[in-house]
Q: 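Structure in structure tokens, see below.
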Amino acid sequence: MARRLKDDTWSYPPEPGDLEPFRLGDGERGVLLIHGFCGTPPEMRGMGEYLAGRGFRVHGAMLAGHGTTPEDLEKTTWRDWLASAEAQLNDLRAECETVCVAGQSMGGTMSLLLAAHHPDIRAVATCAALVNLGRWPELQIAIGRRLVRWHYPDRDRVDLWDREAVKQLRSYNRRALVSHVSLVQLYRETLRAAAQVHCPALVLQGLRDSVVPPANAAMIAAAIGATAEVRYFERSGHAMTVDVDHDEVYALVGDLFERATSEAAPAAAKAVSSAV
């Protein structure tokens, strides 16, 4: 837990609009994009612009406790984060005939939970989604929360192939240990619920990821079953939506959402529903 001498709030200074949800595109096919733990919408902006260019209406979510201060996040739990994502999903539903969801890191985890809870979601895509940190990191979190209040990530530790891409991220420099505890609770709940995800699921994982063990991708696919597809990227680190393979990541997500929102999709969804 490296502590920096200067305790700035953000990993990189936010620009106007960075700390707000975004809306792009129009039409009847909607996509909700969800950022990661301690993150903000800019990490999903590139994917949003790509999907809007393919005719989707895109909402880039801002989760409760994010985009303000680390103290605000400390006061929330995973249930607050989920409730804020569901509220933004409902806003999108009001504007669109069909909806899909995608997310980065914890945003991918939350996308899976939304898909498990809401059968009308046509497809879900995850980038470096987390469902298991492992026993030792979980033990460190459980003990650490009783000893210290804050975790200070080492900003010099970058796992991205494109090291300059980290400058596109706006994340908290201080993360309360109690928020990490809630993150563990969220991914455990998601793994339990994943069997209820019956829509097509695309699970994307970078093999350079030093935050989420790459084995998480196989765990997710196994929990979901036959509707899940896994794709690995040898060069990508954790922040897949901004790293070197982001163009391929966007295209794969766009192709999935195109198929899932086609005219044939409702019949396929009914077939899956009747089979479970």
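Predicted model only: the values in this text are computed from it and were never measured.
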Q: Is it the case that the side chain of Gln88 and the backbone of Ser84 share a donor-acceptor pair, with hydrogens and angles ignored and the cut-off at 3.5 Å?
A: yes
Q: Of all heavy-atom pairs between Cys199 and Ala123, which one has the smallest distance, and what is that distance?
A: SG-CA, 3.8 Å
Q: Side-chain polar contacts of residues 11-19 - donor-acceptor pairs under 3.5 angstrom, sequence neighbours left out - could you list them?
A:
unit_1	atom_1	unit_2	atom_2	d
Ser11	OG	Leu169	O	3.3
Ser11	OG	Ser171	N	3.0
Ser11	OG	Ser171	OG	3.3
Asp18	OD2	Glu15	N	2.8
Asp18	OD2	Arg170	NE	3.0

Q: Under the side-chain contact (heavy atoms from CB on, under 4.5 Å) criterion, do Thr98 and Asp120 qualify, and how do the steps go?
A: CA-CA 8 Å; Thr98 61; Asp120 63 307; over 6 Å; no
Q: For the pair Arg57 and Glu28, find out whether any cationic side-chain nitrogen is under 4.0 Å from an anionic carboxylate oxygen.
A: no
Q: Kindly work out whether a path of hydrophobic side-chain contacts (I/L/V/M/F/W/Y, heavy atoms less than 4.5 Å apart) joins Leu51 to Met62.
A: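 Not linked; separate clusters.
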Q: Can we say Asp162 and Lys167 salt-bridge, meaning some charged N sits less than 4.0 Å from an Asp/Glu carboxylate O?
A: no
Q: Nearest 0.5 Å, what's the CG-CZ distance between Leu204 and Phe233?
A: 5.0 Å
Q: Could you go step by step and tell me if Leu177 and Val148 meet the side-chain contact (heavy atoms from CB on, under 4.5 Å) rule?
A: CA-CA 7 Å; Leu177 266 294; Val148 296; 4.0 Å; yes
Q: Decide whether Leu32 and Leu256 are clustered together by the hydrophobic rule: side chain heavy atoms of Ile, Leu, Val, Met, Phe, Trp, Tyr closer than 4.5 Å, transitively.
A: no
Q: Which atom pair, heavy atoms only, marks the closest approach of Pro214 to Tyr232?
A: O-CE2, 4.0 Å
Q: Could you grab the distance from atom CG of Leu191 to atom OG1 of Thr109, nearest 0.5 Å is fine?
A: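 It comes to 10.0 Å.
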Q: On a heavy-atom basis, which atom in Cys96 and which in Arg29 lie closest, and how many Å separate them?
A: SG-C, 4.0 Å
Q: With a 3.5 Å distance limit and no angle check, can you tell me whether Asn173 reaches the backbone of Trp10 through a side-chain donor-acceptor pair?
A: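 Judged by distance alone, yes, a pair lies under 3.5 Å.
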Q: Report yes or no: does Asn132 contribute a side-chain atom to a donor-acceptor pair with the main-chain N or O of Gly134 at less than 3.5 Å?
A: yes
Q: Considering non-hydrogen atoms only, spot the tightest contact between Val197 and Ile224 and give its length.
A: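 So the two residues come closest at O-CG2, 3.5 Å.
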Q: Report the distance from atom CD of Glu189 to atom CG of Leu112, rounding to the nearest 0.5 Å.
A: 12.5 Å
Q: Salt bridge check: are Arg45 and Glu49 linked by an N-O gap of less than 4.0 Å?
A: yes
Q: With a 4.0 Å cut-off, would you call Arg79 and Glu86 a salt bridge?
A: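 The answer is no: the pair does not qualify as a salt bridge.
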Q: Any Lys/Arg nitrogen of Glu138 or Arg135 sitting under 4.0 Å from an Asp/Glu carboxylate oxygen of the other?
A: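 Salt bridge between Glu138 and Arg135, a charged N being under 4.0 Å from a carboxylate O: no.
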Q: Might you point out which heavy atoms bring Ser210 and Asp159 nearest each other, and give the distance in Å?
A: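 Minimum heavy-atom separation between Ser210 and Asp159: N-OD2, 2.8 Å.
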Q: Quick one: CG on Asp154 to NE2 on His151, what's the gap to the nearest 0.5 Å?
A: 8.5 Å
Q: With no hydrogens and no angle check, do the side chains of Arg93 and His118 hold a donor and an acceptor under 3.5 Å apart?
A: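 Arg93 vs His118: donor-acceptor pair found between side chains.
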Q: Output all residues satisfying salt bridge (Lys or Arg N to Asp or Glu O under 4.0 Å) with Arg149, sequence neighbours left out; order by chain, then residue number.
A: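 Arg149 satisfies salt bridge (Lys or Arg N to Asp or Glu O under 4.0 Å) with Glu74 once adjacent residues are dropped.
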Q: Take Glu258 and Arg54 through the test salt bridge (charged side-chain N to carboxylate O under 4.0 Å, His left out) and record every step on the way to the result.
A: CA-CA 9 Å; Glu258 287 277 4; Arg54 291 186 63 162; 3.6 Å; yes
Q: Would you mind reporting whether His66 and Met106 have side-chain heavy atoms less than 4.5 Å apart?
A: yes
Q: Tell me, do Val101 and Phe257 make a side-chain contact under 4.5 Å, heavy atoms counted?
A: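 Counting from C-beta outward, Val101 and Phe257 never come under 4.5 Å.
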Q: Would Val58 and Leu92 satisfy side-chain contact (heavy atoms from CB on, under 4.5 Å), going step by step from the backbone distance to the final call?
A: CA-CA 8 Å; Val58 181; Leu92 187 62; over 6 Å; no
Q: Following the transitive rule for hydrophobic clusters with a side-chain heavy-atom cut-off under 4.5 Å over Ile, Leu, Val, Met, Phe, Trp and Tyr, establish whether Leu202 and Leu33 coincide in one cluster.
A: yes
Q: Is it true that the side chains of Thr76 and Asp80 contain a donor and an acceptor less than 3.5 Å apart?
A: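 Side chains of Thr76 and Asp80: no pair found under 3.5 Å.
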Q: Under a 4.5 Å cut-off applied to non-hydrogen side-chain atoms, are Trp78 and Met110 in contact?
A: no
Q: Do Gln104 side-chain atoms and His238 backbone N/O form a donor-acceptor pair below 3.5 Å?
A: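 It does hold such a pair.
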Q: Compare every heavy atom of Gly108 with every heavy atom of Ala129, then report the nearest pair and how far apart it is.
A: CB-C, 3.8 Å
Q: To the nearest 0.5 Å, what is the distance between OG (Ser105) and CD1 (Ile34)?
A: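 The CD1 atom of Ile34 is 12.0 Å from OG of Ser105, to the nearest 0.5 Å.
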Q: Quick one: does Met47's side chain get under 4.5 Å of Val253's, heavy atoms only?
A: yes
Q: Whether the side chain of Asp243 engages the backbone of Ala165 through a donor-acceptor N/O pair (distance < 3.5 Å, no angle test) should be reported.
A: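 Not at all, since once roles are kept as given, no pair shorter than 3.5 Å links the two residues.
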Q: Are Ser236 and Asp209 side-chain neighbours, meaning at least one heavy-atom pair lies under 4.5 Å?
A: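 Ser236 vs Asp209: side chains apart.
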Q: Report yes or no: is the cationic atom of Arg175 (NZ for Lys, CZ for Arg) under 6.0 Å from the centre of the six-membered ring of Tyr152, at an angle within 45° of the ring normal?
A: no
Q: Between His35 (side chain only) and Leu63 (backbone N and O only), is there a donor and an acceptor less than 3.5 Å apart?
A: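 Yes.
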Q: Given the rule that I, L, V, M, F, W and Y join up when any side-chain heavy atoms are under 4.5 Å apart, are Ile121 and Leu186 in one cluster?
A: yes
Q: Do side-chain atoms of Asp255 reach the backbone of Leu252 as a donor and acceptor pair under 3.5 angstrom?
A: no
Q: Less than 4.0 Å between a side-chain N and a carboxylate O, is that true for Arg208 and Glu234?
A: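 Judged by the 4.0 Å cut-off on N to carboxylate O distance, Glu234 and Arg208 do not form a salt bridge.
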Q: Does any non-hydrogen side-chain atom of Thr227 lie less than 4.5 Å from one of His198?
A: no
Q: Are side-chain heavy atoms of Asp245 and Trp161 found at a separation under 4.5 Å?
A: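 They are not in contact (no side-chain heavy atoms under 4.5 Å apart), so the answer is no.
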Q: Apply the test ring-ring contact (aromatic ring centres under 6.0 Å, His included) to residues Tyr50 and His246: give CA-CA distance (whole Å), side-chain angles for both, the deciding distance (0.1 Å), then the verdict.
A: CA-CA 10 Å; Tyr50 173 84; His246 68 265; 9.9 Å; no
Q: Would Leu89 end up clustered with Leu24 when hydrophobic side chains under 4.5 Å apart are linked, directly or stepwise?
A: no
Q: State the OH-OG distance between Tyr187 and Ser182, to the nearest 0.5 angstrom.
A: 12.0 Å
Q: Could you walk me through whether Leu82 and Leu114 pass the side-chain contact (heavy atoms from CB on, under 4.5 Å) test, one step at a time?
A: CA-CA 8 Å; Leu82 180 63; Leu114 288 174; 3.8 Å; yes
Q: Taking side chain as C-beta onward, heavy atoms only, is Val99 less than 4.5 Å from Arg122?
A: no
